[in-house]
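Okay, so here's the structure we're looking at.
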Amino acid sequence: MPQPRSAAGRFVGLSAPALAIAYVVLTAGPVLLASFNGGPQGATVFPLLARTAGVAALAMFLMQFVTSGRFETISGRIGLDRTMGFHRLAAVGALGMLGLHIVFFLVRAGESGVAAMTRRLLGYLLRADLFTGVIATLLAVLLILTGKYLRGRLLPYQGWRLGHGAMAVALVLLGLHHAFTNARFMADPLGASALLVIALVALASLLVVYVLRPVHAFRSGFTVASARALSPSIAELVLTTNTPERFSFAAGQFAWLTIGRRHTVTDNPFSIASAPSDLPQLRFLIRNAGDMSGSASNIAPGTRVGVDGPHGSFTLREAGDGPVLLLAGGIGIAPVLSLVRTLAATGDPRPVRLIAGARSAADHVVRTEIEDLMAGHDFRAIFLTDMDDEAGCEKGTCDAGHLARIVDGLDPAAVTAFICGPPAMMETAVGLLVEAGVPPGRIVMERFDFDAGDDAVCRMVRRRFISVMALVYGATFAVALTAAL
């Protein structure tokens with residue numbers, strides 16, 4: 001499959017296998033190094049396994065800063081949505097490793113009943129020298145629960161994000177204190193040094209995100225050229241810059257926008273709706289989601305905008321040479337419009353098919369634009385609405401019949417399908433595509449919950465995530481058991 005390149009033509013980011021190897025080395029590496037001359041001496045098997053799991057858990061939590069930092073070296077090839085999906089699944093893996101750290105300390109040969117383990121647990125909870133470890137464990141549980149259930153719900157996204165980051169920093173600082181004051185497994189200087197190196201990498205990622213990125217986001221010099229409402233629920237925001245050479249992107253990518261003179265911690269992600277050839281203008285379609293997006297149409301011209309990006313792998317680089325099928329739901333039309341504008345601008349001769357759904361005909365805000373762009377091309381489209389069948393739209397949601405009509409005459413196995421929309425819509429679309437004969441490997445999606453989605457593509461991606469976690473667990477405990485011999 002073609003790989004993303006930078007504007008200079010160089011490959012951007014590490015490959016998926018390289019990233020997997022790097023993650024396993026960085027999370028299991030401190031355990032391996034610590035096993036040479038440190039804590040294993042004189043330890044029985046269960047305390048040794050416990051210390052091993054604790055060191056690995058700490059390394060995994062430190063790596064969470066790196067996997068959430070929007071670094072193109074990590075996400076350039078696999079996509080930021082996959083990186084963030086792995087970040088959330090890895091958090092669960094780290095919590096599981098932390099749980100094993102506790103459980104193994106509670107188990108003792110010849111005295112492993114529930115009552116005995118409960119007494120030992122209460123004893124550990126009340127020990128002053130273990131206080132930082134206990135608090136770090138509670139923070140780990142709180143981080144994962146709030147990340148799963150509160151993100152963007154009970155708390156505004158920016159407030160949740162700041163709180164999440166602060167708790168994560170407190171967790172690793174307390175964990176490091178606990179490790180170096182209590183964990184005899186870190187007696188070996190090699191293991192301790194390895195853990196400190198990972199901690200420095202995590203600290204460096206924080207400096208990039210909160211100090212360097214705010215400067216870089218405004219470096220491209222974007223300001224608001226125009227802002228207007230296209231429908232009651234969709235606004236168009238057009239940016240412009242006098243230094244377009246400082247920003248390049250591929251059609252279908254997205255960026256985080258910071259409106260006005262604010263820190264980038266307040267930014268929000270939006271898909272780019274324009275084509276690279278449209279620079280120095282950068283166009284966004286923004287759905288009113290009840291937050292700052294609701295005021296997008298009222299932003300004054302000339303307002304400075306920080307642009308952190310581009311990000312994402314929802315691009316034509318992922319397509320083969322065969323037909324392109326585009327499926328968009330709601331505001332998912334934004335990156336699809338970017339792809340269409342690029343296909344039209346480059347005179348791409350391949351067949352292009354589109355199924356676009358919206359609440360009403362009025363929400364098909366770029367329908368005429370797309371039809372005009374693709375006039376004279378091998379192009380067919382079906383526009384669906386939830387509420388009416390006016391203006392040439394069909395009422396209903398995408399089903400097998402729509403898909404059969406739109407791909408009629410094409411070889412499904414040669415089609416590359418791009419899907420963007422609400423999670424439920426994407427899951428349904430993947431099922432329809434697979435049934436129609438489109439291989440899962442030719443289905444490209446932009447979604448940030450690959451760790452939770454229930455469709456063929458999400459399950460495939462999730463199996464890869466779990467395989468990496470299995471390698472970490474396997475390597476960690478293989479080292480511990482070897483050291484115990």
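Computed from a prediction, not measured in an experiment: that's the story for all the values here.
Within the 4.5 Å cutoff, no side-chain heavy atoms of H311 are placed close to those of D81. Side-chain contact between L14 and R77: absent, with no pair of heavy atoms (C-beta onward) separated by less than 4.5 Å. The closest side-chain heavy-atom distance from V209 to F65 is not below 4.5 Å. Within the 4.5 Å cutoff, side-chain heavy atoms of L279 are placed close to those of F249. Residues L95 and V92 form no side-chain contact, since every pair of their non-hydrogen atoms from C-beta on lies 4.5 Å or further apart. Side-chain atoms of F270 and I331, non-hydrogen and from C-beta on, never get closer than 4.5 Å to each other. The shortest side-chain heavy-atom distance between S313 and I78 does not fall under the 4.5 Å cut-off. Contact of the V305 side chain with the I299 side chain is not registered, since no non-hydrogen atoms from C-beta on lie closer than 4.5 Å.
At distances below 3.5 Å, not a single donor-acceptor pair connects side-chain atoms of T223 with backbone N or O atoms of G302. In terms of modelled atom types and a separation under 3.5 Å, the side chain of E427 and the main chain of D454 share a donor-acceptor contact. In this structure a side-chain-to-backbone donor-acceptor pair under 3.5 Å is missing from Q281 to T240. Looking only at distances, no side-chain donor or acceptor of H178 sits under 3.5 Å from a matching main-chain atom of V134. In this structure a side-chain-to-backbone donor-acceptor pair under 3.5 Å is present from T241 to T243. Y473 contributes a side-chain N or O that, together with a main-chain N or O of G93, makes up a donor-acceptor pair within less than 3.5 Å. Under the 3.5 Å distance criterion, the side-chain polar atoms of T428 are matched with a main-chain donor or acceptor of A424. Distance alone, capped at 3.5 Å, is enough to place a donor-acceptor pair between the H87 side chain and the Q64 backbone. With hydrogens and angles ignored, the 3.5 Å screen pairs no side-chain donor or acceptor of S297 with any backbone N or O of A229. The backbone N or O of L106 sits less than 3.5 Å from a side-chain atom of R120, completing a donor-acceptor pair.
For the pair V430 and I419, the tightest heavy-atom approach, listed with the atom from each and the gap, is CG2-CD1, 3.8 Å. Across P335 and C420, no two heavy atoms sit closer than the pair CG-SG, 3.7 Å. Of all the heavy atoms in L384 and C398, the pair that sits closest is CD1-N, 3.5 Å. Taking every heavy atom of both residues into account, V55 and V31 meet most closely at CG1-CG2, 3.9 Å. Of all heavy-atom pairs between F222 and P280, the closest is CE2-O, 3.8 Å. Of all heavy-atom pairs spanning D308 and A217, the tightest one is N-CB, 4.3 Å.
Relative orientation of the F105 and H101 rings is perpendicular, given thresholds of 30° and 60° on the angle between their planes. Using cut-offs of 30° and 60° on the angle between ring planes, the pair F418 and F314 is perpendicular.
From L195, atom CG reaches atom CG of L176 across 6.0 Å, with rounding to the nearest 0.5 Å. Atoms OG and CD1, on S193 and I198 in that order, are 11.5 Å from each other to the nearest 0.5 Å. Taken from CG in L26 to CD1 in I21, the straight-line distance is 11.5 Å, to the nearest 0.5 Å. Distance check: L174 CG to M167 CE gives 12.5 Å after rounding to the nearest 0.5 Å. From L337, atom CG reaches atom CG of L326 across 10.5 Å, with rounding to the nearest 0.5 Å. The OG1 atom of T67 sits 16.0 Å away from atom CZ of R82, with the distance rounded to the nearest 0.5 Å.
Looking at D267 and R161, a side-chain N of the basic residue comes within less than 4.0 Å of a carboxylate O on the acidic one, giving a salt bridge. Between D278 and R341, at least one side-chain nitrogen of the basic residue sits less than 4.0 Å from a carboxylate oxygen of the acidic one, meeting the salt-bridge criterion.
Around NE2 of H177, the count of heavy atoms belonging to other residues, nucleotides or ligands within 6.0 Å does not exceed 12. For CZ of F131, the number of neighbouring non-hydrogen atoms (other residues, nucleotides, ligands) closer than 6.0 Å is 12 at most. The environment of N242 atom CG is sparse: at most 12 non-hydrogen atoms of other residues, nucleotides or ligands sit within 6.0 angstrom. Other residues, nucleotides and ligands place no more than 12 heavy atoms under 6.0 Å from the NE2 atom of H216.
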Start with the C-alpha gap between L212 and L207, add the side-chain angles, then the distance that decides, and say whether side-chain contact (heavy atoms from CB on, under 4.5 Å) holds.
-> CA-CA 7 Å; L212 298 182; L207 292 175; 5.8 Å; no
Can you list the steps and then say if N268 with L257 is a side-chain contact (heavy atoms from CB on, under 4.5 Å)?
-> CA-CA 5 Å; N268 288 271; L257 302 186; 5.9 Å; no
Test T27 against T476 for side-chain contact (heavy atoms from CB on, under 4.5 Å), laying out the working first.
-> CA-CA 8 Å; T27 50; T476 297; over 6 Å; no
Check the pair R462, I466 against side-chain contact (heavy atoms from CB on, under 4.5 Å), reporting the backbone distance first and the verdict last.
-> CA-CA 6 Å; R462 195 158 54 244; I466 293 173; 4.1 Å; yes
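Residues S233 and D363 bring a donor and an acceptor atom of their side chains to less than 3.5 Å of each other.
Remark: R213 is positioned above the aromatic ring of F71, its terminal NZ or CZ atom under 6.0 angstrom from the ring centre and at most 45 degrees off the axis.
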